[in-house]
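Written out below as structure tokens is the structure these notes cover.
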Amino acid sequence: MAGIWVFSEQRGGELKKVSFEVLSVGRDLADKAGQELAALLLGSGVAMLASELAKYGADKVFLADSADLKDFLTESYTSVICEAVRANDPSVLLFSATTLGRGLAPRVATRLGTGLATDCTELDINDAGLLAIKRPIFAGKLLANAVFDNARPQIASVRPNVIPVQENPKAGEVVNLEVRIDPSRVRTKLREIKRGTSSRVDLAEARIIVSGGRGMKGPENFSILEDLAATLGSEATVGASRSAVDAGWRPHSDQVGQTGKTVTPDLYIACGISGAIQHLAGMSSSKYIVAVNKDPDAPIFRKANYGIVGDLFKIVPLITEELKKSGKE
Amino acid sequence: MNSIVCIKQVPDTESIIRIDSEGTGIVEEGLQYVANPYDEYAVEEALRLREKFGEGKVTVVSVGPQRVEETIRYVFAMGADEGILIRDAEPQKRDSFSVAQCLAEVIKDKDYNVIFCGKQAVDDDSAQVGAMLAELLDIPQATVVSKLEVADDKKAAVAHREIEGGEEIIEIQLPGVITAQKGLNEPRFTSLRGIKMAMSKTIEIREINVPEAKMKVMSLERPPERPPGRILEGEDADVIGELVQALRNEAKVIP
């Protein structure tokens with residue numbers, strides 16, 4: 001039983017950024033455990049992606065390239081992955097904690113009769129050679145340290161945007177997997193993927209999030225946050241608090257907090273957000289937090305690296321202006 | 001249209017969570033428990049399907065200690081027909097795989113068109129039980145569903161799933177597992193009549209051997225405290241300039 005395996009997520013022939021993050025942490029684990037790192041790549045016409053996986057540390061790439069794997073469908077992917085795992089017996093199998101990984105990993109873990117650790121923020125190999133897991137629970141109010149003492153492979157999914165990506169070129173020897181899928185066992189079918197109307201990066205992958213709460217007073221005022229995000233570049237996007245979403249000002253996909261998304265950007269700018277415990281739970285592991293609020297006692301200020309007490313309708317446009325001005329110098 | 005809805009009782013999201021003296025669990029004393037928020041969308045969707053088809057029943061199943069009865073009664077008050085509690089006195093020692101196995105054990109003999117779960121519980125945030133249950137029962141799944149249309153013959157459905165940067169629309173054969181995302185519907189409030197009826201309903205108690213957790217929690221810890229921040233006051237260009245300088249030169253998070 002050996003080998004650290006990572007499932008490399010691609011959609012439409014393009015590897016997700018998180019796939020490189022998972023490879024990077026996998027490389028680290030493989031070096032610590034003295035084992036090989038293998039990437040699992042499934043799809044149709046995706047063979048050319050193997051070299052990219054090698055660049056980020058894959059010693060081996062198990063490639064399942066088949067027209068049957070063109071669309072991501074949980075059942076077909078589960079059967080290919082489980083067959084490969086049974087034939088090769090890796091000790092660790094990692095997924096990304098994206099929507100795709102969160103649907104796939106539990107299905108794979110169950111078929112293999114093991115458990116699963118979702119949404120890990122740190123992974124290590126402990127003195128006993130086991131995968132040491134750290135994962136936030138209660139939306140980040142606590143962290144749990146866990147292990148699988150006898151389940152193999154040890155399966156975990158990795159939270160996007162937490163692990164730094166590191167290039168580490170390896171051989172990336174391609175091993176072709178035979179793909180045998182019984183169509184009667186695939187009971188879902190992809191009809192359509194609709195891209196969101198926003199041209200901005202997804203919250204989970206954004207490096208900068210400008211977020212608005214009740215203090216925004218109405219949906220039309222989010223334009224000042226959109227302007228600020230646009231000025232901060234293509235890695236910035238706009239989020240919202242639960243009260244802004246519940247008021248119908250923003251879609252639920254923008255919601256940050258305990259019943260929305262948990263995010264870990266480099267910079268989180270909270271505008272008119274008081275900082276209810278549910279909101280703080282979803283963003284307080286951001287690397288830097290800026291709070292703009294007219295109430296000096298708002299709890300958000302206790303989490304902020306930088307706070308400005310004042311009227312966000314004056315302050316936010318001034319920040320945008322200052323960025324434009326000073327960026328030109 | 002028969003639906004099974006798996007629900008979990010969780011601490012209210014406003015709760016302050018404290019670590020217990022052993023360091024591996026949380027202090028339950030003083031916690032307010034509620035139905036997991038995503039499970040309410042699951043219950044509501046099942047009720048709407050029963051109403052739309054004008055027949056069938058909604059059965060809720062939960063795994064947990066005796067106090068979970070209260071949450072099952074709440075769901076009765078929303079309109080669910082039957083409730084099963086798989087009693088487990090030590091819920092903190094379980095992982096999602098243990099729970100999914102218990103649910104599958106009880107659900108496998110039931111007659112159902114669809115099983116609903118919340119997309120994740122807001123206590124352990126594992127988001128596993130729905131997909132695990134689907135695998136154990138050998139049926140398909142659609143997770144993180146924000147819109148669902150069940151065909152008239154009840155043999156298939158179209159599910160809209162929230163994915164990164166957009167939406168995926170899939171067709172799923174039924175019976176299947178659907179996990180509910182916020183936006184699927186607007187859960188109803190309980191009525192006085194519903195509350196009265198809920199009190200008179202019987203909850204079926206099941207005692208089964210709950211499997212051991214595969215994932216063992218060794219310790220819990222608080223996330224590191226954030227260092228105290230710098231508060232600036234005023235709305236003038238100087239203050240803003242100071243902020244932008246700090247973000248650029250101290251924090252180095254903007255170019």
Side-chain angles (χ1 to χ4, degrees), chain A residues 74-75 98-99 102-103 106-107 110-111 114-119 137-149 151 187-196 202 204 232 252-253 258-259 266-267 277-278 285 288 301 303-311 314-315 318-319 322-323 326, chain B residues 13-14 17 19 37 95 97 122-128 131-132 134-136 140-144 158 161-173 182-183 213-223 226 229-235 237 239-241 243-244 246-247 251 253-254:
Chain A
T74 318
E75 289 170 296
T98 53
T99 306
R102 282 162 171 262
R107 193 121 199 170
T110 303
R111 192 164 302 177
T114 68
L116 167 66
T118 307
D119 212 19
I137 55 174
F138 293 99
K141 290 177 198 168
L142 295 181
L143 302 171
N145 298 297
V147 294
F148 296 100
D149 43 15
R187 294 158 292 185
T188 58
K189 197 173 128 198
L190 177 67
R191 187 179 273 192
E192 190 185 353
I193 290 180
K194 278 190 188 163
R195 290 278 136 224
D202 189 71
L232 286 164
H252 175 250
S253 52
Q258 194 153 11
T259 51
D266 287 351
L267 175 60
I277 188 167
Q278 299 97 328
S285 54
Y288 282 88
F301 285 121
K303 296 283 178 190
N305 300 81
Y306 306 102
I308 301 187
V309 179
D311 180 359
K314 288 183 186 149
I315 293 165
L318 278 172
I319 299 175
E322 175 66 25
L323 283 166
S326 59
Chain B
T13 56
E14 293 206 31
I17 307 291
I19 301 169
D95 64 359
F97 193 42
V122 299
D123 52 359
D124 62 20
D125 288 322
S126 277
Q128 298 177 12
M132 286 182 160
E135 175 66 19
L136 291 166
Q141 70 189 50
T143 54
V144 203
V158 175
R161 309 178 57 224
E162 201 176 273
I163 61 169
E164 289 78 14
E167 186 186 57
E168 182 187 272
I169 304 168
I170 65 168
E171 296 167 20
I172 174 171
Q173 293 174 25
K182 187 172 179 177
K214 297 279 187 187
M215 187 183 74
K216 304 260 162 52
V217 174
M218 309 304 284
S219 65
L220 297 180
E221 62 187 55
R222 300 211 151 273
R226 300 187 68 89
R230 194 193 316 164
I231 305 297
L232 313 167
E233 281 192 49
E235 296 155 356
V239 173
I240 306 304
L243 172 74
V244 170
L247 291 176
V253 286
I254 57 170

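What you see below is based on every heavy atom in this structure, not just the backbone, and it leaves out hydrogens, waters and symmetry mates. Fair warning: this is a prediction, and the values are worked out from it, not measured in the lab. Sequence lines set the chain letters: A, B, ... in the order given, protein chains first and strands last, and positions in each chain run from 1.
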Between A:Y306, A:F301, A:F148, the one whose heavy-atom pairs under 4.5 Å with chain B are most numerous: A:Y306
Heavy-atom side-chain contact between A:L190 and B:E171 under 4.5 Å: no
Side chain to side chain, A:T99 and B:R161, heavy atoms closer than 4.5 Å: yes
Evaluation steps, side-chain hydrogen bond (donor to acceptor under 3.5 Å, both in side chains), between A:Q278 and B:T13: CA-CA 6 Å; A:Q278 299 97 328; B:T13 56; 3.1 Å; yes
Selection from A:G115, A:A146, A:G310 maximising heavy-atom pairs under 4.5 Å formed with chain B: A:A146
For B:A131 against A:G103, the heavy-atom pair lying closest together: CB-O, 3.7 Å
Which atoms of B:P223 approach chain A - backbone, side chain, both or neither, heavy atom under 4.5 Å: both
Which atoms of A:L232 approach chain B - backbone, side chain, both or neither, heavy atom under 4.5 Å: side chain
Contact check, side chains of B:I240 and A:I308, non-hydrogen atoms, under 4.5 Å: yes
Check against side chain to side chain contact (heavy atoms under 4.5 Å, CB included), B:Q128 and A:T118: CA-CA 8 Å; B:Q128 298 177 12; A:T118 307; 2.7 Å; yes
Exercise: identify the closest heavy-atom pair between A:R195 and B:E164: NH1-O, 3.6 Å
Gap between atom CG of B:D123 and atom CZ of A:F138 - 0.5 Å precision: 5.0 Å
Side chains of A:I319 and B:V244 in contact at under 4.5 Å (non-hydrogen atoms): yes
Residues B:L220, A:I137; criterion side chain to side chain contact (heavy atoms under 4.5 Å, CB included); working and verdict: CA-CA 9 Å; B:L220 297 180; A:I137 55 174; 3.8 Å; yes
Steps toward side chain to side chain contact (heavy atoms under 4.5 Å, CB included) verdict (B:I19, A:L142): CA-CA 8 Å; B:I19 301 169; A:L142 295 181; 3.8 Å; yes
Separation of A:R111 CZ from B:L136 CG (nearest 0.5 Å): 10.5 Å
Spacing of B:Q141 atom CD and A:T188 atom OG1 [to the nearest 0.5 Å]: 8.0 Å
Closest approach of A:D202 to B:G165 (non-hydrogen atoms, all atoms of both residues): OD1-N, 3.0 Å
Contact summary for A:T259 and B:K182, nearest pair of heavy atoms: O-CD, 4.2 Å
Inter-residue atom distance B:E167.CD - A:E192.CD, 0.5 Å rounding: 8.0 Å
Nearest-0.5 Å distance that lies between atom NZ in B:K214 and atom CG in A:D149: 9.5 Å
Interchain contact, A:T114 with chain B, by part (heavy-atom threshold 4.5 Å): backbone
Part of A:I193 lying under 4.5 Å from any heavy atom of chain B: both
Validation row: A:N145, B:V217 side chains within 4.5 angstrom (heavy atoms): no
Heavy-atom side-chain contact between A:V309 and B:I231 under 4.5 Å: yes
Top contributor to chain A contacts, counting heavy-atom pairs under 4.5 Å, from B:G229, B:A251, B:G166: B:A251
Verdict with reasoning, B:R226 to A:N305, per side-chain hydrogen bond (donor to acceptor under 3.5 Å, both in side chains): CA-CA 8 Å; B:R226 300 187 68 89; A:N305 300 81; 2.9 Å; yes
Residue, of B:E14, B:E162, B:E135, that accumulates the most heavy atom pairs under 4.5 Å with chain A: B:E135
Heavy-atom pair count under 4.5 Å with chain A, highest-scoring of B:Q173, B:R222, B:E233: B:Q173
Sub-4.5 Å side-chain heavy-atom contact between B:I172 and A:R187: no
Listed partners of A:K141 passing salt bridge (charged side-chain N to carboxylate O under 4.0 Å, His left out), at least two apart: none
Leading residue by heavy atom contact count with chain B [cutoff under 4.5 Å; candidates A:S285, A:S253, A:A204]: A:S253
A:K189 portion near chain B, given a 4.5 angstrom heavy-atom threshold: both
Non-hydrogen side-chain atoms of A:L267 and B:I254 separated by less than 4.5 Å: yes
Interatomic distance, A:L116 atom CG to B:S126 atom OG [nearest 0.5 angstrom]: 7.0 Å
Part of A:A304 within contact of chain B (heavy atom distance under 4.5 Å): backbone
CA sep, side-chain torsions, deciding dist, call: B:M218, A:V147, side chain to side chain contact (heavy atoms under 4.5 Å, CB included): CA-CA 7 Å; B:M218 309 304 284; A:V147 294; 3.7 Å; yes
Contact origin within A:E75 toward chain B - heavy atom pairs under 4.5 Å: side chain
Backbone N/O of B:V253 and side chain of A:D266: donor-acceptor pair under 3.5 Å: no
Top contributor to chain A interface from B:T143, B:D125, B:V144 [non-hydrogen pairs under 4.5 Å]: B:D125
Most chain A-contacting option - heavy-atom pairs closer than 4.5 Å, from B:A213, B:A142, B:A134, B:G183: B:A134
